[in-house]
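Fair warning: this is a prediction, and the values are worked out from it, not measured in the lab.
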Amino acid sequence: MYKQEEIKPYGKEGEKGKLVEKMFDNIAPTYDTLNHRLSWDIDKGWRKKAIRQLLPFQPKTILDIATGTGDFAILSAKELRPQRMIGIDISEGMMKIGQKKVEAEGLQHIVSFKKDDCTHLSFDDNSFDAVTAAFGIRNFQNLDQGLSEMYRVLRPNGHLSIVELTTPVSFPMKQLFKLYSHTILPVYGKLISKDTCAYSYLTNTIEAFPQGEVMLDILRKAGFKNASFKRLTFGICTMYFATK
């Protein structure tokens, strides 16, 4: 078990997946606003970089894991122009917001949403040309099982593109990020979302989540090859890319 798998929202006993679902349903109405404000809109650029890792391969079918309110799925549909883009999540509250955004963009013919468990995906083996995940895998109840499922549903030579929040490794950004994530982020998150615990939980999972070379070893263990990573914005975010 990885350290972040032991961290649960609200500090309660019980299945982590159910508690994460409840948390994201609670913060869904303010999630996008907080995401963009707390990152000074830099998160939009991170998503675009992760999506453009897939451009040379022109995937026609894409599965977006932990899709949330659909920002990554919508941007992927615009940038990559796939035939089919499915976003899955355990939070229906988040996906309802995503569906409204898809309709506003006129992308209903490409992007659809489905409630699904990332550790037990309902799709057949070898179903997708690409699998993506933005800022969601650190919430997995079982990271190894989730990555194994992502590997299973990918077609041979299909590609995995992940972007995840991480902790900077170098001075002074490491110290500055710790100060920011333990003061401004949880306080502002609580103020806007009205959820007393969600943004403290998110900070704790960022710090506990395996990153860099350790994450590459985990991807290889799941079966992926040619795994690589790139730190963005002084290591606040990290992109991963791998092939089945």
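- Counted within 6.0 Å of NZ on Lys114, heavy atoms from surrounding residues, nucleotides or ligands total more than 12; the atom is thus considered enclosed.
- No salt bridge links Glu103 with Lys100; every basic N to acidic carboxylate O contact stays at or beyond 4.0 Å.
- For the atom pair CG of Asp124 and CZ of Arg152, the computed distance is 7.5 Å after rounding to the nearest 0.5 Å.
- Side-chain atoms of Asp32 and Thr69 form a donor-acceptor pair, as typed in the model, at a separation below 3.5 Å.
- In this structure, Pro210 and Ile218 approach most closely via the heavy-atom pair CG-CD1, 3.6 Å.
- Once rounded to the nearest 0.5 Å, the distance linking CD1 of Ile137 with CZ of Phe209 reads 3.5 Å.
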Show, in sequence, the C-alpha distance, side-chain angles and deciding distance for Ile74 and Val102, and conclude whether the side-chain contact (heavy atoms from CB on, under 4.5 Å) test is met.
CA-CA 7 Å; Ile74 291 167; Val102 165; 3.8 Å; yes
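- Remark: the backbone N or O of Thr61 is paired with a side-chain donor or acceptor of Asp129 at under 3.5 angstrom.
- Using a 4.0 Å cut-off between charged side-chain N and carboxylate O, Lys115 and Glu21 make a salt bridge.
- When the options Gln211, Lys174, Lys178 are evaluated for a side-chain hydrogen bond (donor to acceptor under 3.5 Å, both in side chains) with Thr167, the one that passes is Gln211.
- Considering CG of Leu176 and CD1 of Ile236, their distance stands at 9.0 Å, rounded to 0.5 Å.
- Across every non-hydrogen atom of Val111 and Ala77, the tightest pair is CG2-CB, 3.7 Å.
- At distances below 3.5 Å, not a single donor-acceptor pair connects side-chain atoms of Glu164 with backbone N or O atoms of Cys237.
- In Tyr180, the OH atom is crowded: over 12 heavy atoms of neighbouring residues, nucleotides or ligands sit closer than 6.0 Å.
- For Arg220 and Asp217, the salt-bridge test passes: some basic side-chain N is under 4.0 Å from an acidic carboxylate O.
- Using a 4.5 Å cut-off between side-chain heavy atoms of Ile, Leu, Val, Met, Phe, Trp and Tyr, with links allowed through other members, Leu55 and Val163 fall into the same hydrophobic cluster.
- Nearest heavy atoms, Ile7 versus Asn204: CD1-O, 3.5 Å.
- Residues Val131 and Arg155 form no side-chain contact, since every pair of their non-hydrogen atoms from C-beta on lies 4.5 Å or further apart.
- Taken from CG in Leu202 to CD in Glu207, the straight-line distance is 11.5 Å, to the nearest 0.5 Å.
- The ring-ring contact (aromatic ring centres under 6.0 Å, His included) search around Phe57 returns His159, Phe241, not counting sequence neighbours.
- When the side chains of ILVMFWY residues are joined at heavy-atom separations under 4.5 Å, either directly or via intervening members, Tyr188 and Leu179 end up in two distinct hydrophobic clusters.
- Side-chain contact between Met215 and Leu147 is present, with heavy atoms from C-beta onward closer than 4.5 Å.
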side-chain contact (heavy atoms from CB on, under 4.5 Å) assessment of Asp144 paired with Lys221
CA-CA 8 Å; Asp144 286 334; Lys221 185 169 70 170; 3.2 Å; yes
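- In this structure, Arg138 CZ and Ile162 CD1 are separated by 12.5 Å, a value rounded to the nearest 0.5 Å.
- Taking 4.5 Å as the limit, some side-chain heavy atom of Ile65 sits within range of a side-chain heavy atom of Leu121.
- Note on Leu165: it does not cluster hydrophobically with Val169, by side-chain heavy-atom contacts below 4.5 Å among ILVMFWY residues.
- In terms of hydrophobic clustering, with Ile, Leu, Val, Met, Phe, Trp and Tyr side chains grouped at heavy-atom distances under 4.5 Å, Ile88 and Tyr151 are assigned to a common cluster.
- Residues Leu216 and Tyr240 meet the side-chain proximity criterion, which asks for heavy atoms closer than 4.5 Å.
- Two residues are said to be in side-chain contact when any heavy atoms from C-beta on lie closer than 4.5 Å; Leu63 and Ser127 fail this criterion.
- Applying the 6.0 Å contact sphere to NZ of Lys60 captures more than 12 heavy atoms from other residues, nucleotides or ligands.
- Counting heavy atoms from C-beta outward, Lys44 and Leu75 have side chains that stay 4.5 Å or more apart.
- Note: the hydrophobic cluster containing Tyr199 also contains Met23 (ILVMFWY, side chain heavy atoms under 4.5 Å, direct or indirect links).
- A donor-acceptor pair is defined here as one N or O able to donate and one able to accept, closer than 3.5 Å; such a pair exists between the side chain of Glu5 and the backbone of Leu143.
- Here the closest non-hydrogen pair linking Ala66 and Asp89 is C-OD2, 3.2 Å.
- For the pair Lys78/Ile51, no side-chain contact is recorded, criterion being any heavy-atom separation below 4.5 Å from C-beta on.
- For Phe113, the ring-ring contact (aromatic ring centres under 6.0 Å, His included) test picks out no residue, with sequence neighbours left out.
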For Thr233 and Met173, run side-chain contact (heavy atoms from CB on, under 4.5 Å): C-alpha distance rounded to whole Å, both residues' side-chain angles, the deciding distance at 0.1 Å, then the answer.
CA-CA 10 Å; Thr233 317; Met173 188 54 71; over 6 Å; no
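- Atom NZ of Lys190 has 12 or fewer neighbouring heavy atoms from other residues, nucleotides or ligands inside a 6.0 Å radius.
- Judged purely by atom type and a 3.5 angstrom limit, Arg231 has no side-chain atom pairing as donor or acceptor with the backbone of Thr238.
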Set out, in order, the CA-CA distance, both residues' side-chain angles and the distance that settles side chain to side chain donor-acceptor pair (under 3.5 Å) for Ser161 and Gln53, then state yes or no.
CA-CA 7 Å; Ser161 181; Gln53 293 186 117; 2.9 Å; yes
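- Taking each heavy atom of Gly146 and Thr119 in turn, the nearest pair found is N-CG2, 4.1 Å.
- Of the possible polar contacts, none joining the Ser148 side chain to the Ala222 backbone as a donor-acceptor pair under 3.5 Å is found.
- Here the side chains of Ile97 and Tyr31 are not in contact, with every heavy-atom distance at 4.5 Å or above.
- For the atom pair Phe224 CZ and Leu160 CG, the distance stands at 4.5 Å (nearest 0.5 Å).
- Minimum interatomic distance between Thr166 and Gly235 (heavy atoms only, all atoms of both residues): OG1-O, 2.8 Å.
- Inspection of the Tyr10 and Asn26 side chains reveals an N or O donor paired with an N or O acceptor under 3.5 Å.
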Phe128 and Ile62: CA distance, side-chain angles, deciding distance, side-chain contact (heavy atoms from CB on, under 4.5 Å) verdict
CA-CA 6 Å; Phe128 297 93; Ile62 305 174; 5.7 Å; no
